[in-house]
Peer 1: 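One structure is given below, represented as structure tokens, and several questions about it will come after.
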Amino acid sequence: ILATAGTVETKNNISYNTTFNVAGTNNNGINMQSSGNAIIDDSHFTISGSGNGILLAGGATGNKVNNSSFIVTSGNGINLNSGTLANVDNSSFTVASGNGIYAAPSTTLTGAGTTSSNTFIVNGSNSNGIFLNNTGTTSIIGSFTISGQNSTGILINNGNTPTISGSTFTVSGGNSRNTSGIFMYNSNTLTVDPTTRFTVSGASVGIAVDNSGKTSKTINFNGTPLNIATSTPAAPVVITTAGGGNIGVNIQGGNYGSANRDVKLTGTLDINMTGDSDIAYNNTDFANKLEITNGTLIDTGAEGCGIIKVSGNKNIVFLNSGFVKDTASTIELKNVSVNGNNNVVGYFNEKGNSVNTTGDIGWFSGSVKLQGIIGKATDSDKNIGVYAVSSQNSTMTGNGIGYVTTPPTTIDKLDIADINIGFGPKSTNGVLIYAGKGTEVNVKNATAAANALVASTISDGVESNSGV
């Protein structure tokens with residue numbers, strides 16, 4: 001259908017169960033060149049040859065797609081080229097190559113799931129469920145399954161600041177952690193509302209955050225715990241890693257510079273690490289300023305409290321492999337529970353191969369605050385609270401790692417400003433803080449929490465009454 005004037009409607013009382021088979025190069029099932037709206041309901045599209053199921057190019061502002069399906073062999077299910085797509089509801093997208101929904105620059109995608117969820121299955125490589133290449137704020141509710149390599153459920157570019165809620169992401173495409181549920185490439189704000197769950201396996205990533213200087217990034221995680229007083233159930237945001245080689249949140253692509261290289265992760269996010277050799281938070285390269293705050297100062301296993309549960313082996317809760325420059329940076333994880341063997345809560349890595357170009361050395365100029373328990377529920381051997389081998393010390397300067405843009409004249413010791421990690425009855429051979437390769441560490445416990453044996457002291461014991 002080519003529309004150069006008027007409105008196109010496919011409805012179950014006008015054209016029931018309409019089917020479009022789009023083949024050939026750059027062809028379209030519906031080509032809206034008109035300023036009239038496309039109102040699409042109960043229609044089914046099969047797209048190949050780099051075409052579009054629906055091309056919206058007329059600038060209309062009331063386009064809607066509901067109860068429809070898109071099988072994309074190559075191309076786009078919906079290509080929003082101009083105007084506004086008001087909502088896409090109760091529709092499904094299966095993508096082998098291309099995008100389920102593509103929103104071009106200067107367009108508005110108001111909602112992809114405003115009243116009911118959509119389903120996105122991305123089983124091909126280099127593909128996306130939704131590609132937000134526009135500005136504005138898009139509300140998204142959906143079920144995303146991403147099994148294709150180098151693919152993502154939602155790719156955010158060009159300044160869109162989406163809000164995700166009531167969604168699930170099942171990510172397994174892997175390929176050396178180049179597949180993600182969400183890729184925050186060029187956007188300053190992402191909001192993840194409850195109840196939203198990520199399940200990450202096959203050496204994949206839950207949320208990937210680009211830090212190469214396009215814009216600074218903030219992610220707001222808005223999980224909420226059970227409210228006993230009002231009998232309101234927990235509404236969490238959860239990332240679960242399973243299998244091995246996975247990352248919950250990956251901050252990547254950093255390089256030297258000060259502008260637009262700040263990353264802030266805030267709010268309440270639960271992370272369950274059920275496999276081996278996984279990382280909850282990973283910073284790979286230089287960041288001007290890095291702020292990660294999560295959890296509440298309580299000992300509970302309930303969802304919605306920002307608890308990070310480690311139940312496998314050789315996992316890392318926070319891994320810093322990049323130079324974090326700003327002294328106002330902070331890592332504050334208030335609720336960590338570790339059961340298993342050879343796990344680390346805070347790991348500050350040694351120098352990598354690109355230290356003079358991307359700052360891949362685990363120097364951290366801010367403060368680190370960690371609270372948790374190791375080895376309460378199951379036998380847990382050789383776990384470490386903080387493992388610092390970055391060689392960060394007070395004799396170093398920024399020149400030592402090739403930082404040429406106003407290098408810091410001094411690098412201070414690693415500041416563990418508040419550590420309240422206790423070893424439970426199931427823990428053996430645990431180490432609270434290990435510093436090696438010339439790393440200097442300042443350590444104190446500034447927390448007077450109920451489960452500290454003695455308030456504001458450093459101890460290897462913990463007293464706890466709940467079942468974490």
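Residue numbers count from 1 along this sequence.
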Peer 1: About how many Å separate OG of S50 and CG of N52, when rounded to the nearest 0.5 Å?
Peer 2: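 Rounded to the nearest 0.5 Å, the CG-OG separation comes to 9.0 Å.
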
Peer 1: Taking only distance into account, with no hydrogens and no angle test, what donor-acceptor pairs under 3.5 Å do side-chain atoms of residues 123-130 form with protein atoms, sequence neighbours excluded?
Peer 2:
unit_1: S127; atom_1: OG; unit_2: G98; atom_2: N; d: 3.0
unit_1: S127; atom_1: OG; unit_2: S125; atom_2: O; d: 2.9
unit_1: N128; atom_1: ND2; unit_2: N99; atom_2: OD1; d: 2.9

Peer 1: Counting C-beta onward and ignoring hydrogens, is there a side-chain heavy-atom pair between T196 and P194 closer than 4.5 Å?
Peer 2: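 Heavy-atom side-chain distance check fails, nothing below 4.5 Å.
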
Peer 1: Nearest 0.5 Å please: distance from the OG1 atom of T218 over to the CG atom of L190.
Peer 2: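 One gets 10.0 Å once the value is rounded to the nearest 0.5 Å.
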
Peer 1: Report the distance from atom CG of L269 to atom CZ of F198, rounding to the nearest 0.5 Å.
Peer 2: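 Between L269 CG and F198 CZ, I get 8.5 Å after rounding to 0.5 Å.
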
Peer 1: Could you walk me through whether T241 and N246 pass side chain to side chain donor-acceptor pair (under 3.5 Å), step by step?
Peer 2: CA-CA 6 Å; T241 62; N246 306 290; 5.4 Å; no

Peer 1: Does the R261 side chain pair with the main chain of S216, one donor and one acceptor, at a distance under 3.5 Å?
Peer 2: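 Between the backbone of S216 and the side chain of R261 there is no qualifying donor-acceptor contact (under 3.5 Å).
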
Peer 1: Are any non-hydrogen side-chain atoms of N63 and T84 less than 4.5 angstrom apart?
Peer 2: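 Not in contact.
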
Peer 1: If you apply the rule side chain to side chain donor-acceptor pair (under 3.5 Å), what do you find for T19 with H44, and how did you get there?
Peer 2: CA-CA 5 Å; T19 300; H44 309 280; 5.8 Å; no

Peer 1: Sub-3.5 Å donor-acceptor pair from the side chain of D360 to the main-chain atoms of V355, do we have one?
Peer 2: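 Yes, because the side chain of D360 sits within donor-acceptor range (under 3.5 Å) of the backbone of V355.
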
Peer 1: State, without any angle test, whether N133 and N157 hold a side-chain donor-acceptor pair at a distance under 3.5 Å.
Peer 2: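 A donor-acceptor contact under 3.5 Å links the two side chains.
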
Peer 1: Can you name the nearest heavy-atom pair linking A60 to N37, along with the distance?
Peer 2: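 That would be CB-OD1, 3.1 Å.
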
Peer 1: For N294 versus T268, what's the shortest heavy-atom pair and its separation?
Peer 2: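 Closest approach of N294 to T268, heavy atoms only: OD1-CA, 3.5 Å.
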
Peer 1: Just how far is it from atom CD1 of I140 to atom OG of S165, taken to the nearest 0.5 Å?
Peer 2: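 It comes to 9.0 Å.
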
Peer 1: Look only at the side chain of Q33 and the backbone of L2, and say whether a donor-acceptor pair between them is shorter than 3.5 Å.
Peer 2: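 Pair absent, no side-chain N/O of Q33 close to backbone of L2.
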
Peer 1: Is the closest side-chain heavy-atom distance between S34 and T4 below 4.5 Å?
Peer 2: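 Answer no - side chains too far apart.
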
Peer 1: Could you point out which residue of D42, N90, D89 forms a side-chain hydrogen bond (donor to acceptor under 3.5 Å, both in side chains) with N67?
Peer 2: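 It is N90; the other options fail the test.
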
Peer 1: Establish, from distance only, whether the side-chain atoms of N66 and N87 form a donor-acceptor pair under 3.5 Å.
Peer 2: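 Yes - a donor-acceptor pair under 3.5 Å links their side chains.
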
Peer 1: Write down the atom of I361, the atom of S390, and the distance for their closest heavy-atom approach.
Peer 2: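 The pair with the smallest heavy-atom distance is CD1-O, 3.7 Å.
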
Peer 1: Taking atom types as modelled and ignoring hydrogens, do the side chains of N320 and Y347 form a donor-acceptor contact shorter than 3.5 angstrom?
Peer 2: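 The criterion, which ignores hydrogens and geometry beyond distance, is not satisfied for Y347 and N320.
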
Peer 1: Tell me whether S187 contacts the main-chain N or O of T189 through its side chain, where contact means a donor paired with an acceptor under 3.5 Å.
Peer 2: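 Side chain of S187 to backbone of T189: a pair is present.
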
Peer 1: Please answer whether the main-chain N or O of P105 pairs with a side-chain N or O of N158 as donor and acceptor at a distance below 3.5 Å.
Peer 2: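 No; zero donor-acceptor contacts below 3.5 Å.
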
Peer 1: So do the side chains of N250 and T284 get within less than 4.5 Å of each other, counting heavy atoms only?
Peer 2: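 They are in contact (side-chain heavy atoms under 4.5 Å apart), so the answer is yes.
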
Peer 1: Might you point out which heavy atoms bring Y256 and F286 nearest each other, and give the distance in Å?
Peer 2: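 Looking at all heavy atoms of both residues, the closest pair is CD2-CD1, 3.8 Å.
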
Peer 1: Do Y281 and L333 have side-chain heavy atoms sitting under 4.5 Å apart?
Peer 2: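 SC-SC contact between Y281 and L333 confirmed.
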
Peer 1: Can you tell me how far the OG1 atom of T7 sits from the CD atom of E9, to the nearest 0.5 Å?
Peer 2: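 One gets 6.5 Å once the value is rounded to the nearest 0.5 Å.
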
Peer 1: The test is salt bridge (charged side-chain N to carboxylate O under 4.0 Å, His left out); show your working for E303 and R197 and say whether it passes.
Peer 2: CA-CA 11 Å; E303 287 187 329; R197 297 179 183 272; 3.0 Å; yes

Peer 1: Looking at N383 and G340, would you say the former's side chain and the latter's main chain have a donor-acceptor pair under 3.5 Å?
Peer 2: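 Between the backbone of G340 and the side chain of N383 there is a qualifying donor-acceptor contact (under 3.5 Å).
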
Peer 1: OG1 of T152 to CE of M184: how many Å apart, nearest 0.5 Å?
Peer 2: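 CE of M184 is found 12.5 Å from OG1 of T152.
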
Peer 1: Suppose we call two aromatic rings close when their centres sit under 6.0 Å apart. Are F144 and F120 close by that rule?
Peer 2: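 They qualify: ring centres under 6.0 Å apart.
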
Peer 1: Run the salt bridge (charged side-chain N to carboxylate O under 4.0 Å, His left out) test against D210 and tell me which residues pass, sequence neighbours left out.
Peer 2: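 If we apply the salt bridge (charged side-chain N to carboxylate O under 4.0 Å, His left out) test to D210, skipping adjacent residues, the hits are K214.
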
Peer 1: Considering the options T191, T138, D193, I154, which one meets the side chain to side chain contact (heavy atoms under 4.5 Å, CB included) requirement together with I164?
Peer 2: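 Going through T191, T138, D193, I154 one by one, the side chain to side chain contact (heavy atoms under 4.5 Å, CB included) with I164 is satisfied by I154 alone.
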
Peer 1: Could you walk me through whether N343 and N315 pass the side chain to side chain donor-acceptor pair (under 3.5 Å) check?
Peer 2: CA-CA 5 Å; N343 300 291; N315 295 293; 3.3 Å; yes

Peer 1: With side chain to side chain contact (heavy atoms under 4.5 Å, CB included) as the test, would you mind laying out the steps for T161 and N188 before giving the verdict?
Peer 2: CA-CA 7 Å; T161 56; N188 60 26; 3.3 Å; yes

Peer 1: Side chain to side chain contact (heavy atoms under 4.5 Å, CB included) for V324 and S365? Distances and angles first, verdict last.
Peer 2: CA-CA 6 Å; V324 178; S365 298; 5.7 Å; no

Peer 1: Taking W363 for its side chain and I411 for its backbone only, find out whether a donor-acceptor pair lies under 3.5 Å.
Peer 2: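 The answer is no, because no donor-acceptor pair under 3.5 Å joins these two groups.
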
Peer 1: Indicate whether any N or O donor in one side chain lies under 3.5 Å from an N or O acceptor in the other, for S143 and T119.
Peer 2: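 Absent: no donor and acceptor within the cut-off.
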
Peer 1: Just do the side chain to side chain contact (heavy atoms under 4.5 Å, CB included) check on N81 and L56 with the steps written out, would you?
Peer 2: CA-CA 6 Å; N81 188 259; L56 301 173; 5.9 Å; no

Peer 1: Using side-chain heavy atoms (C-beta onward) and a distance below 4.5 Å, is I141 in contact with N118?
Peer 2: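 The answer is no; the side chains never approach within 4.5 Å.
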
Peer 1: Tell me whether S97 contacts the main-chain N or O of S74 through its side chain, where contact means a donor paired with an acceptor under 3.5 Å.
Peer 2: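 Such a contact is absent between S97 side chain and S74 backbone.
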
Peer 1: Whether the side chain of D278 engages the backbone of T274 through a donor-acceptor N/O pair (distance < 3.5 Å, no angle test) should be reported.
Peer 2: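 No.
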
Peer 1: Step by step, work out the side chain to side chain donor-acceptor pair (under 3.5 Å) result for S172 and S204.
Peer 2: CA-CA 6 Å; S172 62; S204 303; 5.9 Å; no

Peer 1: For residues N341 and K382, determine if any side-chain heavy atom of one lies less than 4.5 Å from a side-chain heavy atom of the other.
Peer 2: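 Heavy-atom side-chain distance check fails, nothing below 4.5 Å.
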
Peer 1: Determine whether V345 and I421 satisfy the following criterion, side chain to side chain contact (heavy atoms under 4.5 Å, CB included), listing intermediate values before the conclusion.
Peer 2: CA-CA 9 Å; V345 178; I421 295 176; 4.2 Å; yes

Peer 1: Got F93 and I121 here, is their nearest side-chain heavy-atom distance under 4.5 Å?
Peer 2: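 In short, these two side chains do not touch, never coming nearer than 4.5 Å.
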
Peer 1: Quick one: closest heavy-atom pair of P236 and D270, and the distance?
Peer 2: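 Closest heavy-atom pair between P236 and D270: CB-OD2, 3.5 Å.
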
Peer 1: Report the relative orientation of the aromatic rings in F45 and F70; use parallel for angles under 30°, tilted for 30 to 60°, perpendicular for over 60°.
Peer 2: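 Parallel: the ring planes of F45 and F70 meet at under 30°.
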
Peer 1: Which atoms form the tightest heavy-atom contact between Q392 and F364, and what is the distance?
Peer 2: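 In this case the closest contact between Q392 and F364 is OE1-N, 2.8 Å.
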
Peer 1: With sequence neighbours excluded, what pairs up with K369 under the salt bridge (charged side-chain N to carboxylate O under 4.0 Å, His left out) test?
Peer 2: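 With sequence neighbours excluded, K369 shows a salt bridge (charged side-chain N to carboxylate O under 4.0 Å, His left out) to no residue whatsoever.
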
Peer 1: Would the distance check show the side chain of N335 and the main-chain N or O of G295 forming a donor-acceptor pair, the cut-off being under 3.5 Å?
Peer 2: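 Looks like no, no N/O pair under 3.5 Å.
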
